[in-house]
Amino acid sequence: SPKIEHTCSFDIFDTLLARTITPPAAVFYQVGRRASASLPGNCSPSQFAHLRIQAEKQATVWKGPSTTLKDIYSELQGSLQLSDSQTSSLRNLEIRVEEEVLYPVPVTTREIERYRKNGASIVFTSDMYLPSDVIRNWLKKHDIWRPGDRLFVSCEYGMTKHDGRLFRPVKRECEDGKTLVHFGNSADADVEGAEAAGITPRHVTKANPNRYEQILEGFAEETIGVSAELAGVSRYARLHTSAESRHEKALRDVAAGVMAPLLVGFVTWLLRCSREQDLDRLYFTSRDGYHLLPFARGLRSVVGVNCDVEYLHLSRAALAAASMDPEKVESSWSNY
């Protein structure tokens, strides 16, 4: 194929890298849970997440686009009355949690490799409070970064994509007579911002939460982040499951975004009931129970259940007889 005389700029988060948690702020619930032993007083994960969000808003008031993670945690330090060492540890914990939940978006990483093979220069442009060395290491970890690539992060330039200003140094340092094209998931920052800077935008929406995942996102606060994790895992399953026709896509989306969260919730409830009743063994009966069995075995350690989880072969006729309802027994046996 012909060489492409382009410089391709790619947004990073929710374009090249997505999280197994969505929305992004729900990561703070996990940070709060892990740090609960070291947080002062009785600060819950929900309270920590709220304070972390407020600290970012306040830091942005003072520092604007130059706001860094260190600035945010300086604000949080005052809210929680933390020592310098506690603040540093908590800040590093957030970076570790972020790294753990990130994964490459298959469709976009394939696209970037296609442009590389056709000779395009690659740069990365992100509105983010994290330092470039951290983000660069994540891109390297997921085999996205290559020697010669460039990275532009808003907090280090004091400019954002939203108003198009961050694209100015991108154009100045990377255009070099080539056509500059920017790929990103945000209609505001990546499309309108690029257009404002005179750059051709490409709206990439595959990793944006669909309507089912958005519903789960909406209950993040009420569930202390659990529904946000379900939304993130649903998105992961969707992005990693191929579907050719509209019918297949609909089946995939409903399975990942509706049925799987529903079954996880139902099985979690069953396991908690078995724990409360101190059961030694929990049976899932044929045939419908077969599909619940993998959920139960996977969630057993998470819920803290020690009972055995087994599958039991039964006939509908036997179950009907056990119900002690004469009409059901007669109706069931009449089919044999």
Side-chain angles (χ1 to χ4, degrees), residues 9-19 21-32 35 39 43 47-102 123-139 150-170 172-173 182 184-194 196-197 220-221 225 228:
S9 165
F10 282 84
D11 170 55
I12 297 173
F13 299 98
D14 288 337
T15 298
L16 284 170
L17 295 176
R19 300 173 179 86
I21 299 175
T22 182
V27 167
F28 308 147
Y29 291 104
Q30 280 207 8
V31 177
L39 292 175
C43 184
Q47 289 172 321
F48 174 81
H50 175 74
L51 290 172
R52 168 61 179 78
I53 292 170
Q54 292 303 119
E56 183 174 341
K57 290 180 179 178
Q58 189 59 45
T60 304
V61 169
W62 297 114
K63 301 295 290 288
S66 299
T67 301
T68 65
L69 187 64
K70 189 173 182 179
D71 296 326
I72 295 169
Y73 271 83
S74 293
E75 292 290 335
L76 193 61
Q77 181 175 12
S79 302
L80 288 172
Q81 296 297 299
L82 301 171
S83 66
D84 290 344
S85 62
Q86 286 176 314
T87 304
S88 178
S89 296
L90 202 55
R91 185 173 66 245
N92 291 334
L93 174 61
E94 179 175 324
I95 293 174
R96 289 199 303 274
V97 172
E98 281 276 18
E99 181 176 359
E100 290 171 9
V101 301
L102 287 172
V123 301
F124 304 97
T125 313
S126 180
D127 284 346
M128 195 42 155
Y129 43 74
L130 289 167
S132 58
D133 59 336
V134 170
I135 298 174
R136 187 180 296 106
N137 285 337
W138 291 348
L139 292 171
R150 300 288 301 276
L151 173 61
F152 297 83
V153 184
S154 61
C155 67
E156 296 181 350
Y157 283 84
M159 307 173 185
T160 68
K161 292 183 297 181
H162 275 83
D163 58 10
R165 293 175 62 227
L166 183 58
F167 291 111
R168 293 177 186 173
V170 177
R172 185 173 61 249
E173 300 178 32
H182 177 72
N185 72 299
S186 171
D188 295 332
D190 297 306
V191 176
E192 293 180 13
E221 186 173 351

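Computed from a predicted structure; not experimentally measured.
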(message) With rounding to the nearest 0.5 angstrom, report the CG to CG distance, Asp190 to Asp11.
(response) 4.5 Å
(message) Just verifying a value: how many Å separate Asn137 CG and Leu130 CG, rounded to the nearest 0.5 Å?
(response) 11.5 Å
(message) To check you understand the geometry: which heavy-atom pair defines the closest contact between Lys63 and Thr67, and what is its length?
(response) CB-OG1, 3.3 Å
(request) Please name the pair of heavy atoms, one in Pro23 and one in Ala228, separated by the smallest distance, quoted to 0.1 Å. (result) CD-CB, 4.3 Å
(message) Do Gln54 and Leu51 have side chains that approach each other closer than 4.5 Å (heavy atoms only, starting at C-beta)?
(response) no
(message) Working to the nearest 0.5 angstrom, can you tell me the gap between Leu80 CG and Gln86 CD?
(response) 9.0 Å
(request) Begin with the C-alpha distance, continue with both residues' side-chain angles, and end with the deciding distance and a verdict on side-chain contact (heavy atoms from CB on, under 4.5 Å) for Val170 and Arg150. (result) CA-CA 9 Å; Val170 177; Arg150 300 288 301 276; over 6 Å; no
(request) Verify the distance criterion only: is there a donor paired with an acceptor across the side chains of Ser74 and Asp71 at less than 3.5 Å? (result) no
(message) Determine whether a donor-acceptor pair (N or O, by modelled atom type, separation under 3.5 Å) exists between the side chain of Thr15 and the backbone of Ile12.
(response) no
(request) Please work out which of the three classes, parallel, tilted or perpendicular, describes the rings of Phe13 and Trp138, given edges at 30° and 60°. (result) perpendicular
(message) Check whether Ser126 reaches the backbone of Val153 with its side chain - one donor and one acceptor, N or O, closer than 3.5 Å.
(response) no
(message) Distance check, rounded to the nearest 0.5 Å: Leu76 atom CG versus Glu56 atom CD?
(response) 11.0 Å
(message) Testing the basics here: between Arg165 and Pro169, what is the closest heavy-atom pair and its distance to 0.1 Å?
(response) O-CD, 3.4 Å
(message) Tell me whether the NZ or CZ atom of Arg52 lies within the 45° cone about the ring axis of Tyr129 and under 6.0 Å from its centre.
(response) yes
(message) Using modelled atom types and a 3.5 Å cut-off, is there a donor and acceptor pairing between side-chain atoms of Glu156 and backbone atoms of Ser132?
(response) yes
(request) Answer whether the closest heavy-atom distance between the side chains of Arg91 and Ile72 falls below 4.5 Å. (result) no
(request) If the plane angle is over 60° it's perpendicular, under 30° parallel, otherwise tilted; pick one for His182 and Phe167. (result) perpendicular
(request) Could you tell me whether Arg19 and Glu98 have a side-chain N and a carboxylate O separated by less than 4.0 Å? (result) yes
(message) If you compare all heavy atoms of Ala35 against all heavy atoms of Leu90, which two are closest, and at what distance to 0.1 Å?
(response) CB-CD1, 3.4 Å
(request) Might you point out which heavy atoms bring Phe28 and Phe48 nearest each other, and give the distance in Å? (result) O-CD2, 3.4 Å
(message) Distance check, rounded to the nearest 0.5 Å: Tyr29 atom OH versus Glu221 atom CD?
(response) 5.0 Å
(request) Heavy atoms only: give me the nearest Ala197-Gly164 pair and the separation to one decimal. (result) CB-O, 3.6 Å
(message) Suppose we screen for side-chain hydrogen bond (donor to acceptor under 3.5 Å, both in side chains). Which residues come up paired with Asp127, at least two apart in sequence or across chains?
(response) His162
(request) Give, for atom CZ of Arg168 and atom CG of Asp163, the distance between the pair rounded to the nearest 0.5 Å. (result) 7.0 Å
(message) With side-chain contact (heavy atoms from CB on, under 4.5 Å) as the criterion, how do Val97 and Glu94 come out once you've worked through the C-alpha distance, each side chain's angles and the decisive distance to 0.1 Å?
(response) CA-CA 5 Å; Val97 172; Glu94 179 175 324; 5.8 Å; no
